[in-house]
Structure formats: C-alpha cells, structure tokens
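The structure appears right after this line, and notes come after that.
Nothing here was measured: the structure is a model prediction, and the numbers come from that model. So that the names make sense, note that chain A is the first sequence line, chain B the second, and so on, each numbered from 1. In what follows, every heavy atom counts, from backbone to side chain, and hydrogens, waters and symmetry copies are set aside.
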Protein chains: 2
Amino acid sequence: MIGSVAKALDILTLFSKTHPVLTLAEISRRLEMPKSTAHHLITTLAAYGFIEQTDDGAYALGKSLIPLTQHVLVNVELRDRAAPLLRALADSCNESVYLTVRDGDAVLYIYAIESSQRLLARTAVGDRAPLYCTSVGKAVLAWLPPDEVECLLNTAPLNTYTPYTLTDPATLLGDLEATRQRGYSLDNQEHELNTFCVGAPIFKADGHVVGACSVSGRDPQIVEGRLPALAEQIVGTAQEISRHMGYVPAHMSMVRSRPQR
Amino acid sequence: MIGSVAKALDILTLFSKTHPVLTLAEISRRLEMPKSTAHHLITTLAAYGFIEQTDDGAYALGKSLIPLTQHVLVNVELRDRAAPLLRALADSCNESVYLTVRDGDAVLYIYAIESSQRLLARTAVGDRAPLYCTSVGKAVLAWLPPDEVECLLNTAPLNTYTPYTLTDPATLLGDLEATRQRGYSLDNQEHELNTFCVGAPIFKADGHVVGACSVSGRDPQIVEGRLPALAEQIVGTAQEISRHMGYVPAHMSMVRSRPQR
DNA sequence: GAACATCGTTTCATAATATGAAATCAAGTA
DNA sequence: TACTTGATTTCATATTATGAAACGATGTTC
C-alpha cells in the first residue's frame, strides 16, 4: 500500500452529492493533512484531468473520470452485452429500464434507459441502492446462497425509506421465497414513494447471480394490471442476458437453493 | 507533481477499448516500471476498488470508478439540469438523444437516451468524438471564437472517417457559417455511415459554448423530411438548457461573432 | 514427466522523494 | 489600513517509495 497514492484516492472519494465542490482548506481539514500536501496531490490529479478547478479557485472532480467508465470490467462484460436487449425492452414497455450489478451489500446502477416519466433529474447510473428494498436488490438476494443472505441481514440494519419498506427480517425472507417461486421480484414503493418496479436476476457462467435488471416507473399498474406482461418481458430479457454471459440454464431448483462453485 | 500518484494514474489510463484487461507483466512493460513497483501501485488502487482482479489473475478497471461520475462537475452543473429536457425530447422524436461537453479538441458524451435503433451495443457515454465531423462538435465549433477555431484546425489534421467526412478546411468553414445561419448543425454520415444527426449549441452564463446536444439515428429522413420539426425541437431544447445554465440570450449577432469575457 | 517459461507475489536495504512548517501571494471583509 | 481566509511555493529533512532478487504457482514444451 503506497501512502501518497492512497491519499490521492482519499481526495477523489471525498467529493459527494452534498459536496461536489470543495476548497483546498476543506480537503486538508477533513482528511487531516497539511494544506501543502493536499495541494501537491491535487496538482497531480489535476494534471490528469481527474480534478478540475472551479471559477472561484475551489476544486471538483474532473471530466477525465467519465471516459474511464467505458473500460470498467463490468461495463465491458455485462453492460455492453445487455444494452441492446434492454433498449428493446424499454421500447416495448415505455418505462425506465435499469441494469445493476451486486457490489457488496448494495446494487450499483451501471446502465439506464430513462423515460421522460422519471421523477428525478439526474441519471441513476453510478447510484448505489440497498439490496433489501429494491426490485433489483431483492432479485439478487433471492438467488444468493442462504448463508450469505443471513450474513448480509445480520450485518446491516434494515432502514425505513418509506412506509412500505420491509424492515422485518422474517417478512423479507418470506418475500424472497415468493420471489423465487415467481421468478421475478417486486418493489411496491419500498425504496421510494410512487415508484413501482419489477426485477429479474442475471447469472454468470459459474451459476452465481451477478446482478439484475428492472422495469421501473410511477405507474401503479406496473405491479398490478400490467404485471403479467411486464414480468414475462423482464424475465425473458434477464435470461437472455444471462445466456450472453455464458450461463447455461440448469434445473431452476438447483439454481434456487445454492449455486455450485 | 507526485511521482507515485502520477504512476498510479498512468496505470488507470492504460486500460483501453482494445485492452480492457491487462496482466501485471504487460502493465510493467508498457509503462517501463519494475513489476514490483507496478504491483505496489495496483494493490493500492485495488484497495479502493479502482482496479479489480479477473478470475485468471489479470487486472481491469474496477466498478468503484462508476459512482465517482455522479459528482463530476459537468455532470452536476450541466447533465443534471439538462437530463429532464433531453428525456422529453427523446420521447417526442423517438431517436437517440445525446448531451456532450467540449473537452479540448473533442466532444465528450456525458448523457444519452439511447433508442433501440442504435447500431452500436455500448453506450456513447464516455466516448470522445472529433469536433469537425459530428453534429455536436460542429455546433460547438460554429459558436467558438474564430481564432480558436483556426488554432484547432491548424493543430489537428482532419481525418477521413467516411466518404462524407469534410476534410477540406475551407469547406468546413463554409459549413460552420451555414450552421450559424441556421442555428443548428447537421451531420450526414460524416463520422459514421448510416448515422444522421442534428445538433445545437449550449451556452453557459458567461456567453461561451460549453457543449451541445443532438438527435441522432439511422433514419436518413432526420436530415431530410423530418428536419424542420427536429431542428426546431433540438434548438428549443438547447436554448432552454442554456437558460438553466444561467445564460441570458443576447442578440444572436453578438454571440455568433465573439462571446465577451 | 522433467525442464522451462511466464505469471503474480513478497521481501528488504537503500536512495530517492514525498512531506509539511513556514513564508508568500491574492481577495475579500471589517 | 489591518485582518481573515483563501491558494500557492519553497526547501531541508526524514520518511517512504523503489526495484533487484528470490519465491511460488501455473501451464507449456519437448
């Protein structure tokens, strides 16, 4: 572990939604390093375009970070294979479509076709969301080995995001069982009010879940009248993506209980 | 400039479309540094998730890079303001819609609503394209100060991408003048065969062009029969984005000739 | 099946280099 | 005018990154 490099990366990860712009003094203060050290590091990061200086002399993340995402492994192996299938899906269902990968105790959004119905301005790509209260997260949880699920539920607390969030482990486990039976997951405003989603798991060649995709929107009919049609489409798309990942469908019972190594 | 940090960033930028996965030996060879040095740097980058190890022990860019993009300055200041307007545009024209910023002698794609008509699998977000042969690039060039345009044309050569690419400076300058007259730019397969685009410039508060947005697709009618309607929509959207950026529309003649400091 | 490549990983003495106190410059404020 | 609070630059010192070499693991060749 190289100290100066770690400090440079600490600076990059210090920028956040609430603090997209930071002054040198703030960086130095929050990371407990001398101003001059922070400045040396920032100068180097700025030379590569990873950090930019704002008009008023403060600092922010630079645009050179954006091209790097094109070569990130999951984007090459999963996103670029899934994208055409997801676009076709978005076309036929007229709602936002998302692609996520599991990242520890969260899902990371890596691709989105966002409909004009979307409530939030900013794209979901780059966001992390909990596993237990999103359709994509629950699709992952439902097909994860039981001991890993138990471990995850014991580690992180089940926070309440909306009145619909499932915060009782037993209820959640029941929902995951129902999800396995159905073959797809549901999110009835559990993470965000007025957002309804249907999700399905994506498997890689070794039989493990890598992530999930979902159809998401403000229309309550997504989890009501439109559900049968949407579920068939999202599950079909997820299966085809899995096949593109080299996954050979086995008996569902095998996949459900515990994927082999 | 801190040497070890620079070397770490050199490693990150070494990954490319053709080489998304690299072995330690390759990295060490191509950057002319001892294997052990590269290994020390990679270990640090891996601890932050910026690099991941593949199943066979080689290295690739890690997913932790993706969340960083949410806080990149242009994404916060431009993309997040433009996104809702661009989604509405995509909705009404049923083609791919792109948002780009100028980055030196190129445009960088920072947001996209990609239709199922798109030829390429992978998303455009993160791609760079030349200024002189894309609708977004030419929209930027047309509203850049003349001396800067001249400088750009003298520096980089005009490469041929398709038989339609404008490689003669005089012809290009004529096209830029026509673009200013019209208020929007056209791309008739100049960068990629079977891709037709209409683009419009986006200005920030100080009156300078920051980037451009475009409607893009495989339908030749985009630059023919559908052009009048599409042009009005893309120009209207670009103007509204500019207004969101704090730009106060002046007499077009002023903007055209040379934005003031 | 033994010898040989080639790859990733670890070690550790040494010299190179990051560090950070302090001085400086620039802008805004009382 | 004096006083903050920024960013920036300098430079002597000690910390720390460096890289030669050895190691272990895997796969290939003859």
Quiz prompt | Selected nucleotide, minimal atom distance to B:Ser4 side chain, candidates C:dT10, C:dA18, C:dA21 | solution = C:dA18
Exercise. Please check if the distance between the ring centroids of B:His191 and B:Tyr161 is under 6.0 Å.
Key: yes
Quiz item: Ion pair present between A:Glu148 and A:Arg102, side-chain N to carboxylate O less than 4.0 angstrom?
Solution: yes
Quiz item: Rounded to the Å, how far apart are A:Leu41 CG and C:dG20 C1'?
Solution: 12 Å
Quiz item: How many Å lie between CD1 on A:Ile2 and P on C:dT19, as a whole number?
Solution: 11 Å
Self-check item: Touch class at under 4.0 angstrom, heavy-atom based, for B:Leu24 against every strand present
Solution: base
Quiz prompt | A:Met33 CE - C:dA21 P separation (whole Å) | solution = 13 Å
Quiz item: What's the closest nucleotide to the B:Thr23 side chain, out of C:dG8, C:dT11, D:dC11?
Solution: C:dG8
Quiz item: Roughly how many Å is it from CG in A:Leu31 to C1' in C:dA18, rounded to a whole number?
Solution: 17 Å
Practice problem: Taking only the side-chain nitrogens and oxygens of B:Gln53, find out if one of them lies under 4.0 Å from OP1 or OP2 of C:dT9. | Solution: yes
Quiz item: Considering only side-chain heavy atoms of B:His39, which listed nucleotide, C:dT10, D:dT9, D:dT8, is closest?
Solution: C:dT10
Self-check item: Shortest non-hydrogen separation from A:Ala200 to A:Ser185 and the atoms involved
Solution: N-OG, 4.5 Å
Exercise. Can you figure out which of C:dG20, C:dT11, C:dG8 approaches the side chain of A:Pro34 most closely?
Key: C:dG20
Exercise. Could you state the atom-to-atom distance from CD1 of A:Ile27 to P of C:dG20 in whole Å?
Key: 16 Å
Quiz item: Picking from C:dT11, C:dA18, C:dG8, which would you name as closest to the side chain of B:His40?
Solution: C:dT11
Quiz item: DNA chain D: A:Asp56 or A:Val5, which has the more 5' nearest nucleotide?
Solution: A:Asp56
Quiz item: In terms of the nearest nucleotide of DNA chain C, which residue is placed more toward the 5' end: A:Ser36 or B:Ser36?
Solution: B:Ser36
Quiz item: So does A:Lys7 get a side-chain nitrogen or oxygen closer than 4.0 Å to the phosphate oxygens (OP1/OP2) of C:dT19?
Solution: yes
Practice problem: Please determine, for the side chain of A:Lys35, which listed nucleotide (D:dT10, D:dG6, C:dG8) has the closest atom? | Solution: D:dG6
Quiz prompt | Nucleotide C:dT19, atom P - distance to CE of B:Met1 in whole Å | solution = 14 Å
Quiz item: Just how far, in rounded Å, is P of D:dA7 from CD1 of A:Ile11?
Solution: 12 Å
Self-check item: Nearest-nucleotide 5' precedence on DNA chain D, A:Leu22 against B:Gly3
Solution: A:Leu22
Quiz item: Will you find, in the side chains of A:Gln70 and A:Arg79, an N or O donor that is under 3.5 Å from an N or O acceptor?
Solution: yes
Quiz item: What's the shortest heavy-atom distance between B:Glu114 and A:Tyr111, and which atoms?
Solution: OE1-OH, 2.6 Å
Exercise. Select one nucleotide: of D:dA7, C:dG8, C:dT19, the one nearest the side-chain heavy atoms of A:Tyr59.
Key: D:dA7
